[in-house]
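A quick write-up on the structure given underneath.
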Amino acid sequence: MTVVNTVRIGADTIDITKPCDVVTALKKMQLKLGTGGVRETVRIDGEEVTFMRANDRRLAALIARYEAECARATGGATRTRFAKRIRWT
């Protein structure tokens with residue numbers, strides 16, 4: 001069985017091993033949905049997910065996941081926790 005690493009999101013065909021490209025395509029889709037676009041179907045290896053306005057939270061979670069992967073891949077990991085120091089004199 002051959003696994004294909006390309007997926008079609010909207011009008012773009014992207015490689016899912018490049019998370020930064022996936023983020024860009026998903027954000028384009030989110031803008032389209034937010035501005036009243038109809039619906040979009042994403043097919044990956046036989047699985048099919050249809051995003052509509054009602055699925056915006058799922059799409060936002062998917063974007064966050066790929067943004068984190070993109071940050072790890074490019075070495076620009078963002079800090080999610082910050083420590084505060086208090087000094088007593």
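The first residue in the sequence is number 1, and the count goes up from there.
To the nearest 0.5 Å, atoms CG (Asp21) and CD1 (Ile16) are separated by 12.0 Å. Expressed to the nearest 0.5 Å, how far CD of Glu67 lies from CZ of Arg72 amounts to 12.0 Å. Between the CG atom of Leu26 and the NZ atom of Lys28 there is a distance of 11.0 Å, given to the nearest 0.5 Å.
Scanning both residues, Pro19 and Thr17, for their nearest heavy atoms gives CD-O, 3.3 Å. Residues Asn5 and Asp15 share a closest heavy-atom pair of O-OD1, 3.0 Å. In plain terms, the two heavy atoms of Ala25 and Ile9 that are nearest each other are O-CG2, 3.9 Å. Taking every heavy atom of both residues into account, Ile63 and Val23 meet most closely at O-CG2, 4.2 Å.
Ile14 is listed as a side-chain neighbour of Val7, based on a closest heavy-atom distance under 4.5 Å.
Heavy atoms of other residues, nucleotides or ligands lying less than 6.0 angstrom from CD of Glu47 number 12 at most.
Ion pairing between Glu69 and Lys18 fails under the 4.0 Å rule for side-chain N and carboxylate O.
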